[in-house]
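Worksheet for the structure shown next.
Lettering of chains follows the sequences in order, A, B, ..., and the numbering in each one begins at 1.
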Amino acid sequence: MPSIVSVKDVRKVYDSGHEALSGVDLEIQEGEVLALLGPNGAGKTTLISTICGITTKTNGTITVGGHDTVTDFRAARNLIGLVPQEINLEPFEQVINTVRFSRGLFGKRSNAAYVDEVLKTLSLDDKATAQIKELSGGMKRRVLIAKALSHEPRVLFLDEPTAGVDVELRKDMWETVAQLKAQGVTIILTTHYIEEAEAIADRIAVINKGKILLVEEKAKLMARMGQKELRIELAEPLQALPAGFEDVDLSLSDDGGTLIYTYDTAGERTGITSLLTDLQKAGIVLKDLQTRQSSLEDIFVGLVHKEDEA
Amino acid sequence: MNLTAVGAIYRFEMARFFRTLMQSFLSPVMSTALYFVVFGSAIGSRIQEVEGVSYGAFIVPGLIMLSVMTQSISNASFGIYFPKFIGTIYELLSAPVNFIEIVIGYVGAAATKSLFIGLVILGTSFLFVDITIAHPLAMLAFLVLTCLSFALLGFIIGIWAGNFEQLQLVPLMVVTPLVFLGGSFYSISMLPPFWQTVTLFNPVVYLISGFRWSFFGTADVAIGVSLFAIGFFTTLCLAVIWWIFKTGWRIRT
Ligand SMILES: Nc1ncnc2c1ncn2[C@@H]1O[C@H](COP(=O)(O)OP(=O)(O)OP(=O)(O)O)[C@@H](O)[C@H]1O
Ligand SMILES: [Mg+2]
C-alpha cells in the first residue's frame, strides 16, 4: 500500500544554525494512527511544521497523498489538518466564526451543517457563539481541533493534543481519534504520555535529536522489546537472596517480602517452572504471584537513554 | 487562485472592523473635526483664500489624505502583524494559499476600511465647509489608489516588524512627517523657493496635489506628474511584495 505521507531524507537547519531534523525518513500509511514519541526538543513539532508548510526544509522531499509539499503545495495541503502544540487563537473571535474561517481558508465552500456537526462531535455546540477568551484551556484546544477538521482533512496532525488536559477530556480526545480513524482519517499525534500512545496508536515512531530511532507496530514493539516481571510475594520475608539463585535474573525487594523475576516473553522458555520448583526445593513458601508487562515507557526510556549515551 | 480563501480572509478582517465600528470611525472623525476647528476656523479666519478656495475647504483633501494614508498603513500592518504576534499565522502558512492570495485578502480589507473612513471624513467635512468636487471620478480613483498603495506599504511593514515598536516606527518616523510636510495644510507655493524645491522630493506632495486637483481643478504640480507618482509608488510596493513572495523573506522560518 502506498504511503499517504512520505518523508524522505528531510533535514532542517534553523537560521540559528541548529539542526532540528537530521535526515528523517518516515512513511505513514493511509488510515493508521501513528504516535510520534520523543523528549522535549527532539524535533517532533519541527517535523510536523515541515510537512504542513509552516517551516521550510533544508533538504529532502515530502509528499502527501502523492503530491509534493513544495511544488504541488495546494493539493498536498488540501489533505492536511493541523492542530498545533501552542493554543493560537484570536481571543475576541467567536468560536463558530474562526471555524468557518478555517474552512474558507482551505478553499471549501461554506457548509453550516458540517461545521455544526464538527462542533457537536467536540462538544462545542453550546459554545458556538462564545468568544474564544471565555473558554477554558481544554475547550480552546477543542476549538483548534474543530478548525483543523473544518475542511475535512484526510490526514490530521495532532501536536500534543492532550497536554494540560484533564483525564476525562483526554479520554474524550481518544474517543474522537478513534471516531476519525473509523472514518478513514490518517492521524499523526505527538505526545509525552506513553499510555496515550499505548491506548490509541497503531504504530509508534520514536524520534530523538532530529533522528527517527524506530518505527514499529505497537503490538510488535511491545512483544519484541517487552519484558515481563514475575513478582513473587513471600509468606516470610527474606534477609538476602537465597543461595543457588545467583545465575537467574532474580532480585529481592527492599523489604525482603517479594522476589522479582524478569524474563523475556519472546524467549523459547521463560524459566518460570524451574524457578518455582527450585524455590520450593529451597523451602521458600509463596503467598502470591503477579506478572507485569513492561510498558512502552520502559522501552522508550531505554531507547532514548541508549541514544544519549552513544 | 484560491478565491474562496481570499474571500475568507477578507470577510474575517472586515468582520473585525465592523465589530469595532465605533472605534474605527470615531477616532478619524474626531481628529478631523479637531483639525477643522483648529486649522479651518482658528487659523483659517486669518487666511483669506488659497488658490481661490476658502482655507477651510482647501484643507479638506489634505485631511482626507492624511487619515487615509495613516489608516491604510496601520490597518494593513496590524492586520498581518497580529496573526504573527498571537501565533494564528500558522494557519495561513499551512493553508493551500500562496502569498499573493494572502496579500489580496489582507490588503484588500485594509484598503476597504480606510476607503470607508476617507468617505466618512469627506461626509463630515460637508458639515463644516462648503465644497464642490470638480472631478468626482478622478477623486475616487485617487482615493482608491492611495488606500491600496498605502495598505501595501503597511502590509510590508507588518511583515517586516518583529515587535510592536517596529510596527509603530515607520509610520511615526517616516510617514507622518512626509504627510504633514506634503502640503496637507498649505499650498507649496506658500513656501520660500528653497523649501519648495526640497518639498518636491516628498512623494506625498504629488498625491495630495493630485487629489486636491480632483476637488478644485488647481494643483501644485501637474496632474500627469501626480498620476505618475501614485502609479510609481504602487508599482514599487508591488515589486517589494513580489520579492517577498519569491524569497519567502520573514514569512517562514
Ligand atoms: N524557530 C526556531 N529557531 C531555532 N531553533 C528552533 C526553532 N524552533 C525549534 N527550534 C529548535 O529545534 C529543536 C526541535 O524543536 P521542536 O519544537 O521540534 O521539538 P519538539 O520535539 O516538538 O519538543 P517538545 O516536546 O518540547 O514540543 C529544539 O532544539 C528547538 O530549540
Ligand atoms: Mg513540540
- [ ] Would you mind checking which part of B:Leu92 comes under 4.5 Å of any heavy atom in chain A, side chain (CB onward), backbone (N, CA, C, O), both or neither?
- [x] both

Open item on the list: Under 4.5 Å from any heavy atom of chain A, what part of B:Arg19 do you find: side chain, backbone, both or neither?
Closed with: side chain

Can you confirm whether or not the ring centre of [X] sits under 6.0 Å from the ring centre of [Y]?
{"X": "B:Tyr10", "Y": "B:Tyr106", "answer": "no"}
{"X": "B:Phe233", "Y": "B:Phe150", "answer": "yes"}
{"X": "B:Phe155", "Y": "B:Phe99", "answer": "yes"}
{"X": "A:Phe101", "Y": "A:Phe106", "answer": "no"}
{"X": "B:Phe228", "Y": "B:Tyr206", "answer": "no"}

Task: Among A:Leu105, A:Thr55, A:Ile80, residue most engaged with chain B (heavy-atom pairs, under 4.5 Å) - done: A:Leu105

Task: Check against side chain to side chain contact (heavy atoms under 4.5 Å, CB included), A:Arg103 and A:Val115 - done: CA-CA 9 Å; A:Arg103 186 174 169 90; A:Val115 169; 4.1 Å; yes

Open item on the list: Can you tell me which of B:Asn98, B:Ile89, B:Val6 forms the most heavy-atom pairs within a distance under 4.5 Å of chain A?
Closed with: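 Greatest number of close heavy-atom pairs with chain A: B:Asn98.
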
Open item on the list: Looking at chain A, which one of B:Gly87, B:Ala15, B:Ala8, B:Ala95 has the largest number of heavy-atom pairs inside 4.5 Å, strictly under?
Closed with: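 Sorted descending by pairs with chain A, the first entry is B:Ala95.
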
TODO: List the atom of B:Met65, the atom of B:Thr146, and the distance in Å for their closest heavy-atom pair.
DONE: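 In this case the closest contact between B:Met65 and B:Thr146 is CE-OG1, 3.3 Å.
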
TODO: Using a strict 4.0 Å threshold on nitrogen-to-oxygen distance, state whether A:Arg11 and A:Glu19 make a salt bridge.
DONE: yes

Task: Presence of salt bridge, A:Lys108 and A:Glu152, under 4.0 angstrom - done: no

Interface moiety of [X] toward chain B, non-hydrogen atoms closer than 4.5 Å:
{"X": "A:Lys12", "result": "side chain"}
{"X": "A:Glu90", "result": "both"}
{"X": "A:Ser102", "result": "both"}

Open item on the list: Working to the nearest 0.5 angstrom, can you tell me the gap between B:Phe82 CZ and B:Glu13 CD?
Closed with: 9.5 Å

Open item on the list: Are there residues of residues 40-49 of chain A whose heavy atoms fall under 4.5 Å of chain B's heavy atoms? If so, which?
Closed with: none

